[in-house]
S.K.: 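Just dropping this structure here.
Quick note: residue numbers are just sequence positions, from 1. This one's a predicted model, so the numbers in the text were calculated from it and none came from an experiment.
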Amino acid sequence: MGVIAWILIGLFAGIIAKLLMPGKDPGGIIVTILIGIAGGLLGGWLGKVIFGIDSIDGFFEISTWIAAIVGSMILLALYRLITGNRRHA
């Protein structure tokens, strides 16, 4: 897949992860895209390591989207843990 496809998957996976995990997040659309892209890579890597499958097959493959969303949810939870302790004035 190309860079544009990863950005699109990252955007949508990040948005879906935020919808599945409601709450305040100290990040905008750029952070959502970055979490989604990194989450897709993390999800694909975890799928390969844990289940021995190549879950990043193509843009329209359901396994790609599931891996990206699950990875995004993991990273979003970690992001909330790290930034949750900061107080904004």
S.K.: Checking side-chain contact (heavy atoms from CB on, under 4.5 Å) for the pair I37/I9: CA distance, chi angles, key distance, verdict?
M.R.: CA-CA 7 Å; I37 293 170; I9 288 174; over 6 Å; no
S.K.: Quick one: closest heavy-atom pair of I35 and L75, and the distance?
M.R.: O-CD1, 3.8 Å
S.K.: Partners of I69 by side chain to side chain contact (heavy atoms under 4.5 Å, CB included), sequence neighbours excluded?
M.R.: A13, I16, L20, M73
S.K.: Kindly compute the distance separating OG (S72) from CZ (F12), expressed to the nearest 0.5 Å.
M.R.: 13.0 Å
S.K.: List the residues meeting side chain to side chain contact (heavy atoms under 4.5 Å, CB included) with L34, not counting sequence neighbours, and say none if there are none.
M.R.: I30
